[in-house]
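Per chain, numbering begins at 1; letters A, B, ... match sequence-line order.
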Amino acid sequence: MSAVATAATPATPAIPERTPLTSSPVPVPADRRVVIENVSKFYGEVLGINNVNLSIPPGITGLVGPNGSGKTTLMNLLVGLIRPTRGSLRVLGIPTDNPEALFRLVGYSTQYDAFPPGLNGYQFIYSFLRIHGFAHAEADTMTWEAIARVNLTEAAGRKVAGYSKGMRQRIKLAQAISHRPSVLILDEPLNGLDPMARAEVIALFRELSEAGLHVIVSSHILHEVDLISDQVVLINGGYIVAEGEIGGVRDEMEEEHPVQVLIRCDRPSLLASKVFESDHVVEARIQDDGGLLVRTRSADRFYMLLNQVILETGLAVETVMPTDADVNAVYQYLIGEKS
Amino acid sequence: MAVYGRNYRRYAGELTPPWSRFLILPRYAYETVFQSKLFLIFFAVCFLVPFAGLLMIYLHHNLSALSFLNIPPEELKKFLPIGKSFFFRGTWLQGGLAFILVFLVGPALVAPDLRNNGLALYLSRPFSRTEYVLGKMSVLLILLSAITWVPGMLLFLFQSILEPSWLGKNLDLGLAILVGNGAWILFLSLMALAVSALVKWKPVARIALGVLFFVSIGFANALNEILSTWWGYLFSAWYVIGSIWASLFGIPVSADELPPPGAAWAALIGGSLLCLWLLSRRIRAYEVVR
Amino acid sequence: MVNLATKTALEAPAPAAEASVPVVELQGLEVKLGGRPILQGLNATLTGRCIGLLGPNGAGKTTLLHTLLGFYPISGGSARVLGKDVKTETRAIRSFMGYMPENDAFIQGMSGVRFVRQMAELAGLPKAQAIERAHEVLFYVGLGEARYRPVDGYSLGMRQAAKLAQALAHGPRLVFLDEPTNGLDPVARERMLRLIRDITEAGNVRVILSSHLLRDVEECCDEVLVLKAGKVAVTCNLEAERRANRNFLELELRNEQGGSADPGFNQALEALGAEIASGARQRLKVVLPDGVKVRDLYRIAVERKVQIRRLDYKRDSLEDIFLKAMEG
């Protein structure tokens, strides 16, 4: 599960493997990570986030949590728009109180739908690049590149105020990637996008992450987070509740929340009795619709056992499904109604 | 023991008659409007003048109550005449109060619905735009009626009861009260609704209404000065209605104080139609985006 | 289990005839807005309990909903909702419909209860019934004490719930839901989807659900209409599709310790004649040829010491249908 990636100097980055954030020896050096150290942020008395420690490697990171849990605070801190009350943040080695250097590295897209009035799509991105210091010709090329990547070339001449919600979302994304940053911080980037645009943007994220970028995405659509993220960060009430590669996170929770597996087969009672003989299975329940729900403290051992049982008994299995091994289930367990 | 579940279920009971549904709007509006103490006090104050009028009519016919003043009755009768002046002044006073009432209640009627996409909710029910406008207008019309022509007519009837012969000579006065006040409150309601529909923010609508009313008076006068004409008066609702009332009540008026009644009526009707047109353009279930 | 006591008064019976009337019938429907044709000759007959309405931005989904509500005039063709003609019987249609708009929609300055009450009365309910049903439906959507607070101050999730409440309060036969899970956090999303499934199954109400989230539509709907550039791209009965997918399997594999599975597993499968497509994160799509059973998969799994963590029929049929419709 933890393959050690070759550490590389920033000048010649090797594409790192997806690695968990847990305590294994650091395969990705600190200056290739986004590091949040002992950070707290209070707005007067009101809690933003409290005592957060994170070290995010490259790849797609899903940031998940209820409204008001601190996601936007965290993102604003990373981009340097606000300063932490305590602690420090470093993006690829650059501290966030160094805006000049930071803004070169970081691309940001907010969840809010606000634009300078009167600009069209092209001007929106071009002016942004010029402010960053790019000369006219370069800015022009980069603008069209970014616009092409989000498929808005035809609409670039129209005013942003006249765009549909999905188009506005995409032009924001284009602006975030236009200056070729190394770290993308995107607040609900898929909001309002139709299914095709979603698939396209997700493909874009994959492309960027494979090129070695950090893509940090916050979203409420958990099955999408599941699909695209290499690692997830769950946040609730200002605290980090869990972080890491989702399988790893789920496995860590096994003791407290035994893994649930739902099996449909032709003889559920037989299967139930067979698996119940093992010590790691804590519950075997036959549901009204005939499915067998098994709870076990060790997923690995259970599935190997299942293979044997099926072969020995000749059961005809229809479906086997873990019912709580995805981000959705982890969210329900750790955050659930407590939000 | 039985455990009761609560699920969604369809409705198959009675329905209210469709024509009466526009009255739901005033009913709900009054629940809010009368919660404001300011408005309650104002509304009570609106009845002071009619009440004073009631007293005057009573005293007119019961001069003995004033005998302590030691003035001969004929003099008193001349001092308190109940005639066209009396009702004209009453209409004029209540007309001003009517504007204030509209100023207080009007702007909040349509603007919030437009801003918060409420029209989509109204119109997705068996409820037409006409009913919506009718309902919102009724909010104003009912209140305005209560302070304008209803007390006016009551006073008229009271006088008629106390002096039946007077009625025969002053039937047109009764008509003047009805038509004069009716025209004013209809126009005011339309104007308030149109302004509230044009401007999406309640406070801005209120300012706009105030500006329209007061600034137009100054504007009218200025225009008349510059162009040496009476056409400017047509831009101010107050001058327009003043002219109409004067003509209805038979009060003589000099040509440079007020516009001629024919023009005034034209302006009033024209203005009302303009408001209706504006309303029909703005009251929609959806935003038309070009 | 729970004994549900049914209230017999005011409970609407479901006449047998109702089940056979199509929910929506479109014949050559054309709608122009501001001179531009938006809907161009739509033909469809939809009969599902919960109908999904899909399509890219600008395809005309909201326009279609608004047309069926009578907000836009029809410039060509015809449309019927539960048997009633949209052009001539708009008022009758509106009296049995509920609409939950996509954008924020509320009446300012009212508490949740008053808001829902007024909306119910405007749909024709008498005062006494209106307040009863308002409370019932507010409980149903999960607005507890908050119902006495002004709607202006509600959070996004609460406003969505209030929107749904006003759509249901008058007990409509058909409900339009436009992006009902927009902006909701995961817990609120689940609750909303559960509500939608509830009213579809138990409540005797037909639902038309318009959404960009294929997952939501897959979970709730049994029939789908896909629009593209103002025309019907495809209509599809999801139930039938799901039943037809029995030979398509999705697997998720791990090795004995929980890491990546031995690629020999895939090779062994192919040797049996199965077609395989590998996806991200150890996910495998398999088409089994006739004669190869699931047991054979397990035999290979034991041989290769592979965990089959997931074994299921293909469940993203809607995604395929949608993508194919967009290409066509």
Q) When the aromatic ring centroids of B/Phe39 and B/Phe43 are compared, is their separation below 6.0 Å? A)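 They qualify: ring centres under 6.0 Å apart.
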
Considering heavy atoms only, which positions within [range] lie below 4.5 Å of chain B?
range	result
residues 56-66 of chain C	C/His66
residues 110-119 of chain C	C/Met110, C/Arg114, C/Phe115, C/Arg117, C/Gln118, C/Met119
residues 95-102 of chain C	C/Ser95, C/Met97, C/Tyr99, C/Pro101

Q) Which bit of C/Lys163 is near chain B, if near means a heavy-atom gap under 4.5 Å: side chain, backbone, both or neither? A) neither

Q | Side chain, backbone, both or neither of C/Asn103 within contact of chain B (heavy atoms, under 4.5 Å) | A | both

Q: Write down the atom of C/Leu42, the atom of C/Gly230, and the distance for their closest heavy-atom approach.
A: CD2-O, 3.2 Å

**Q.** Check: B/Arg282 side chain, B/Leu278 main-chain N or O, donor-acceptor pair, under 3.5 Å
**A.** no

**Q.** Heavy-atom donor-acceptor pair, C/Ser210 side chain to C/Asp178 backbone, under 3.5 Å
**A.**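 A pair under 3.5 Å: no.
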
Taking C-beta and beyond as the side chain, do [X] and [Y] meet within less than 4.5 Å on heavy atoms?
X	Y	value
C/His170	B/Tyr11	no
B/Leu119	B/Tyr132	yes
C/Met158	C/Ser155	yes
B/Leu15	B/Arg21	yes
C/Leu209	C/Cys220	yes
C/Ile196	C/Pro180	yes
C/Glu30	C/Ile74	no

Q. About how many Å separate CZ of C/Arg49 and CZ of C/Arg206, when rounded to the nearest 0.5 Å?
A. 5.5 Å

(Q) side-chain contact (heavy atoms from CB on, under 4.5 Å) for C/Val175 and C/Ile208? Distances and angles first, verdict last. (A) CA-CA 6 Å; C/Val175 183; C/Ile208 296 186; over 6 Å; no

Q. Can you say whether B/Arg129 sits under 4.5 Å from chain C via the side chain, the backbone, both, or neither, judging by heavy atoms?
A.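 Neither part.
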
Which of the residues [options] is involved in the greatest number of heavy-atom pairs with chain B at under 4.5 angstrom?
options	value
C/Asp152, C/Leu69, C/Ile107, C/Ile199	C/Ile107
C/Ala123, C/Gly70, C/Ala202	C/Ala123
C/Ala92, C/Ala167, C/Pro172	C/Pro172

Q. How about residues 135-150 of chain B versus chain C: which residues have heavy atoms under 4.5 Å apart?
A.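 Answer by number: none.
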
Q) Is there a donor in the side chain of C/Arg191 and an acceptor in the side chain of C/Gln160, or the other way round, less than 3.5 Å apart? A) no

Q. If we ignore angles and hydrogens, is there a donor and acceptor under 3.5 Å between the side chains of B/Ser128 and B/Glu131?
A.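 Yes - a donor-acceptor pair under 3.5 Å links their side chains.
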
Q: May I ask you to decide if the ring planes of B/Trp92 and B/Trp238 are parallel, tilted or perpendicular, using 30° and 60° as cut-offs?
A: tilted

Q) Mind checking whether B/Phe187 and B/Trp184 have parallel, tilted or perpendicular rings, split at 30° and 60°? A)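 B/Phe187 and B/Trp184: parallel rings.
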
Q. Between B/Phe127, B/Tyr28, B/Tyr122, B/Phe22, which shows the greatest number of heavy-atom pairs under 4.5 Å with chain C?
A.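 Of the options given, most contacts go to B/Tyr28.
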
Q: Any chance you could lay out the ring-ring contact (aromatic ring centres under 6.0 Å, His included) test for B/Phe103 and B/Phe42, step after step, and finish with the verdict?
A: CA-CA 12 Å; B/Phe103 184 78; B/Phe42 169 75; over 10 Å; no

**Q.** Neighbour count above 12 (heavy atom, 6.0 Å) for B/Phe51 CZ
**A.**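 Atom CZ in B/Phe51 is not packed in, count stays at 12 or less.
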
Q.
Do the side chains of C/Glu121 and C/Lys127 get close enough for a salt bridge, i.e. N-O under 4.0 angstrom?
A. no

